[in-house]
Amino acid sequence: MRSDMVTIFLIVLVVVLSICLCTLALWQPPIAIQEMLRPTTIATAEATTDSVAPSEPTANPTVSTSSTETSAEASTETTTHEHEYTFKVTKTPTCTSSGLRTYTCPCGASYQETIEQLAHAYAITVQEPTCTSNGRTSYTCKNCGYSYSEFTQAAVGHSYGPWITIQAPTETALGIAERTCSRCGDKDTTTLPKS
């Protein structure tokens, strides 16, 4: 009886160990498997490379090298070229728009540069205030005609003298009186009642 128990125990132990080993083998990461196989693959590749003989001799390496050197020299020449630019004003700036200056190299390379818009050249006109109009300063550009004005002082109003009778009133007609502005000469009239 005891030997049967021992036998069953050993069988169970072997089965459990087998299951554990299978589980570990299945759960092993693929990278680890690749690492395990890599040395064999490399060795095989090296052996294959060594065993293959070149089918024909290498094509003239001198030509290939000189071709490479020539293209390298050409690219070096292209990158080390120093541009010698001359410029020309292709659009003259004005008071209302900017201009353009174009730079050109004999090799064909070119670029443009903006010339700043010119400032207005104003002619200034000062208008003093009068009895009826405000004083203002006007600015007009001599080149493009653009203009604007600024208010400087309000109209000063009339400065009238005393009333002077122009036509005396009568029993049947109204009279007329008049006064004159000493600044602008404007005349203000009024009627006088009948006498």
For this session: For residues S98 and E116, determine if any side-chain heavy atom of one lies less than 4.5 Å from a side-chain heavy atom of the other.
Result: no

Exercise. CD1/I164 to CD/E178 distance, rounded to the nearest 0.5 angstrom?
Worked result: 7.5 Å

Exercise. In Å and rounded to the nearest 0.5 Å, what is the CD to OG1 distance from E84 to T86?
Worked result: 9.5 Å

For this session: Could you tell me the separation between the SG atom of C107 and the OH atom of Y85, rounded to the nearest 0.5 Å?
Result: 6.5 Å

Exercise. With under 30° as parallel and over 60° as perpendicular, where do the rings of Y146 and H120 fit, or are they tilted in between?
Worked result: parallel

Exercise. Would a 4.5 Å heavy-atom cut-off, applied to side chains only, mark C131 and S159 as touching?
Worked result: no

Exercise. Just by distance, with hydrogens left out, do E113 and Y103 show a side-chain donor and acceptor under 3.5 Å apart?
Worked result: yes

Exercise. Do T152 and E128 have side-chain heavy atoms sitting under 4.5 Å apart?
Worked result: no

Exercise. Does R136 offer a backbone N or O that forms a donor-acceptor pair with the side chain of S149 under 3.5 Å?
Worked result: no

For this session: To the nearest 0.5 Å, tell me how far L192 CG sits from T165 OG1.
Result: 5.0 Å

Exercise. Within the side chain of R101, is there an N or O that forms a donor-acceptor pair under 3.5 Å with the backbone of K91?
Worked result: no

Problem set entry | Centroid separation F87 to Y111 less than 6.0 Å | no

For this session: May I ask whether L100 and I115 are part of the same hydrophobic cluster, defined by side-chain heavy atoms of I, L, V, M, F, W, Y residues being less than 4.5 angstrom apart, directly or through others?
Result: no

Exercise. Just checking, any donor-acceptor pair under 3.5 angstrom between side chains of T102 and Q112?
Worked result: yes

For this session: State yes or no: do V156 and F151 share one hydrophobic cluster built from I, L, V, M, F, W and Y residues joined by side-chain heavy-atom distances below 4.5 Å, directly or via other members?
Result: no

Exercise. So, S147 side chain and T140 main chain: donor-acceptor pair closer than 3.5 Å or not?
Worked result: no

Exercise. L174 and I166: same hydrophobic cluster, using ILVMFWY side-chain contacts below 4.5 Å?
Worked result: no

Exercise. Looking only at heavy atoms, which two atoms of A155 and N134 are closest? And how far apart?
Worked result: N-OD1, 2.9 Å

Exercise. Heavy-atom distance under 4.5 Å between the side chains of Q117 and P93, does that happen here?
Worked result: no

Problem set entry | Donor-acceptor contact present, side-chain T170 to main-chain A173, <3.5 Å | yes

For this session: Mind checking the CD-OG1 spacing from Q167 to T191? Nearest 0.5 Å is all I need.
Result: 11.0 Å

For this session: State plainly whether one hydrophobic cluster holds both V6 and V12, where clusters connect Ile, Leu, Val, Met, Phe, Trp and Tyr through side-chain heavy atoms under 4.5 angstrom apart.
Result: no

Seminar exercise, completed: Taking every heavy atom of N143 against every heavy atom of C95, the minimum-distance pair comes out as CB-SG, 3.7 Å

Seminar exercise, completed: So NZ of K88 and OG of S110: to nearest 0.5 Å the spacing works out to 13.0 Å

Exercise. Any idea which heavy atoms bring W163 and T190 closest together, and the distance?
Worked result: CZ3-CG2, 3.4 Å

Problem set entry | Quiz item: cation-pi between R179 and Y160, 6.0 Å / 45° | yes

Exercise. Is the backbone N or O of G135 less than 3.5 Å from a side-chain atom of Q127, with the two atoms forming a donor-acceptor pair by type?
Worked result: no

Exercise. Heavy-atom distance under 4.5 Å between the side chains of C105 and H81, does that happen here?
Worked result: yes

